There are 2 protein chains.
Amino acid sequence: MSQNPTLKKIAEKLNVSISTVSRALKDHPDISPETKRKVNELAELIEYDPNPYAVNLRTHNSKEFAIVVPSLSNFFYHSFISSIEEDARMYGYSVIIYRSANDPKIELEILKSCRHKRVSGIFIAITSETKEIEPFLKLDTQGIPVIFFDKVPEYESCNKICVGDAHAATLAANEILKKGFKRVFGVFGDKNMSITQVRLQKFAEVISNDGSEIILETVHATSSAEAEAMTLKALSNYKKNDFVIFCMSDETLAGAMKAIQRKGLKTPEDIGIVAISDGMIPQLFYPEITYAETSGFKLGKLAFNRMMKCIAGSSFAQTIIDQSMLIEGGSL
Amino acid sequence: MSQNPTLKKIAEKLNVSISTVSRALKDHPDISPETKRKVNELAELIEYDPNPYAVNLRTHNSKEFAIVVPSLSNFFYHSFISSIEEDARMYGYSVIIYRSANDPKIELEILKSCRHKRVSGIFIAITSETKEIEPFLKLDTQGIPVIFFDKVPEYESCNKICVGDAHAATLAANEILKKGFKRVFGVFGDKNMSITQVRLQKFAEVISNDGSEIILETVHATSSAEAEAMTLKALSNYKKNDFVIFCMSDETLAGAMKAIQRKGLKTPEDIGIVAISDGMIPQLFYPEITYAETSGFKLGKLAFNRMMKCIAGSSFAQTIIDQSMLIEGGSL
DNA sequence: CTGAAAGCGCTTACAG
DNA sequence: CTGAAAGCGCTTACAG
């Protein structure tokens, strides 16, 4: 069991002290080049790697990041996680994934576990029920940076990396105006989520501010199946060529597309559709669906960047909004 | 910084020794009920939680599982990870995610990191280039159980949890025979992957053994785009109603569906399609695509189960095959 | 029933 | 340039 190389073993073989070996390995200026060479050679040979638990016990630096998300069955979070994982490994960090199941109690437990592990930092998308953010702020003051992403609290002075909800909604709405549709059917998600509120509000604002006589009907669906049923119902009094559907998320998009297919309608000939999406689902269809992109991958890069700055000592809280881009398919 | 509760602090407050506190907390029979009560009360009060790094340094038990996958942008792996994460947290383990980027060198590095962290166990889908499995076996003998899943090595005596490739291919092939198609176009993945070989071989076998005059054409695509191009080409001499497409994976399915939509064909009226899939993509279309299910979630449950047995001391290596089920959509 | 002591593997002031 | 020593927070034989 104890066959793992340790400082002690190297020290014994080389007839120097453990301290010397430790210093040589971290290229401490005190140590002679000759000793350094010998130590490094042997370390290489026997594949020495410091025991991370011992290091942490001394230094309280775990070289682990935690990512906490409400759910793992979500393309957006996957690409966020991939993105973080990619950067983390370059910097020698590992990534621990936690799933809060959208339950604030579990979320709190996870935070506790993060604290005891003394993770180097936490990326978190909070649950839709999370009310208290003191526990998060406390971690921050204890030296564990917390970067909120996607689902973030209202509270001002914390680090937040968000999708540009208003901007994405505007892009989609403008595209609809540009094409001159007469009726818009907007499929939105759970009413309680702040992103739903922002997207809905902005979308409605842009559409109605246009001055033209566009009819906007909106619904809230909490699942794909619900989105499908609602869209189907809306399509019952469908008239060719003046109708466009807007979906605020991949989940609602999946449902709406199902309804469109069920009705045997074709985009863009029979009906238009545009969404806010991470891009995976839009690309499964032909013509590809036009969408305002919310990239988990890009968000991950921004979040990681911010994290590294926090670790380097930046205590200045910042909200970063990732502006989205319109990706043109041919669906409207 | 050092404001975290420790055994020492409890001991001081209660005027007992650290040893006593440690024992009381783990309900050691030696300790008096009275002492236990006092210790536990205080521990509760100040929210004591053992420092996992200190515990590990002593016990070499990390309570962390590692999951290693070639890529994270894959629905199948996501559901596998979700599944493991769910079980792991119930048992008080955390889950570390590693991505090998399908590179055996990175894979090796990850293994090394797992060894030094002394993770409690590893779930791994190996890269398609992995030749040497000694490093894996070595971990196993060092007391870190390795459970291979999905992409597993040929080597016999190790723990493997696989999708029933042959069975899934058979299910799909039988469905095709049942419906009496005349021409089958099979879209397969990377030739080098063992799952491709098994699926192709079995599929071809079942189709050709039927005795009827079915024409089977197969291609290998390494991306969705390639699958789309190849399917498009095959569709150029398409004749209504005798043509069915089989896709061995979600990736190839995405490509084939794109081609079908591009041609303006409808399933099942114009053309049939059947796949092996995790189920996410098939459900996006209407009619839903019929598929032989390979469930990452179910595989995860099986793998976790096996892991717990290994940790409990089972040294007997075992290969578990998860038989798939045919999920009927209406696509052929 | 309880405690003193060693030790897991490392880091880092302190001393020389 | 190098080493002895203390200590991170815990566990566990050993002794009483």
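By convention in this document, chain letters (A, B, ...) are assigned in the order of the sequence lines, proteins followed by strands, and residues within each chain are numbered from 1. Computed from a prediction, not measured in an experiment: that's the story for all the values here.
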Side-chain N,O (B:S22) to OP1/OP2 (D:dC10) below 4.0 Å: no
Phosphate-side-chain proximity, B:T20 and C:dT2, N/O vs OP1/OP2 below 4.0 Å: no
Any side-chain donor near an acceptor of the partner, B:K117 and A:S94, under 3.5 Å: yes
Residue-phosphate contact under 4.0 Å: A:T6 side-chain N/O, C:dG9 OP1/OP2: no
Phosphate-side-chain proximity, A:Y48 and C:dC10, N/O vs OP1/OP2 below 4.0 Å: yes
B:H78 and A:H78 aromatic ring geometry - parallel, tilted or perpendicular at 30°/60° bounds: parallel
B:H60 side-chain proximity, nearest of D:dT11, C:dC8, C:dT11: C:dC8
Aromatic ring pairing A:F65/A:F123, orientation class (parallel under 30°, perpendicular over 60°, tilted between): perpendicular
Donor + acceptor pair across side chains of A:S128, A:N102 (<3.5 Å): yes
Nearest listed nucleotide, side chain of B:T35, among C:dG3, D:dC1, C:dT2: C:dT2
Short side-chain N/O contact from A:T59 to OP1 or OP2 of C:dT11, under 4.0 Å: no
Distance in angstrom units between A:L7 CG and D:dT2 P, rounded: 16 Å
B:K8 vs D:dC10: side-chain N/O to OP1/OP2 distance below 4.0 Å: no
Euclidean distance for C1', D:dG16 against D:dT12 (whole angstrom): 16 Å
Neighbour count >12 (heavy atoms, 6.0 Å) for atom CD, B:Q318: yes
Mate of D:dA13 where both pairing distances stay under 3.5 Å, Watson-Crick or G-U: none
Phosphate OP1/OP2 of D:dT2 contacted by A:S32 side-chain N/O (<4.0 Å): yes
Selected nucleotide, minimal atom distance to A:V55 side chain, candidates D:dG3, C:dC10, D:dT12: C:dC10
Closest to side chain of B:R118, choosing from D:dA4, C:dC10, C:dG9: C:dG9
Which residue lies more 5' along DNA chain D, comparing B:N51 with B:R23 via nearest heavy atoms: B:N51
Identified pairing partner of C:dA4, criterion: Watson-Crick or G-U wobble below 3.5 Å: none
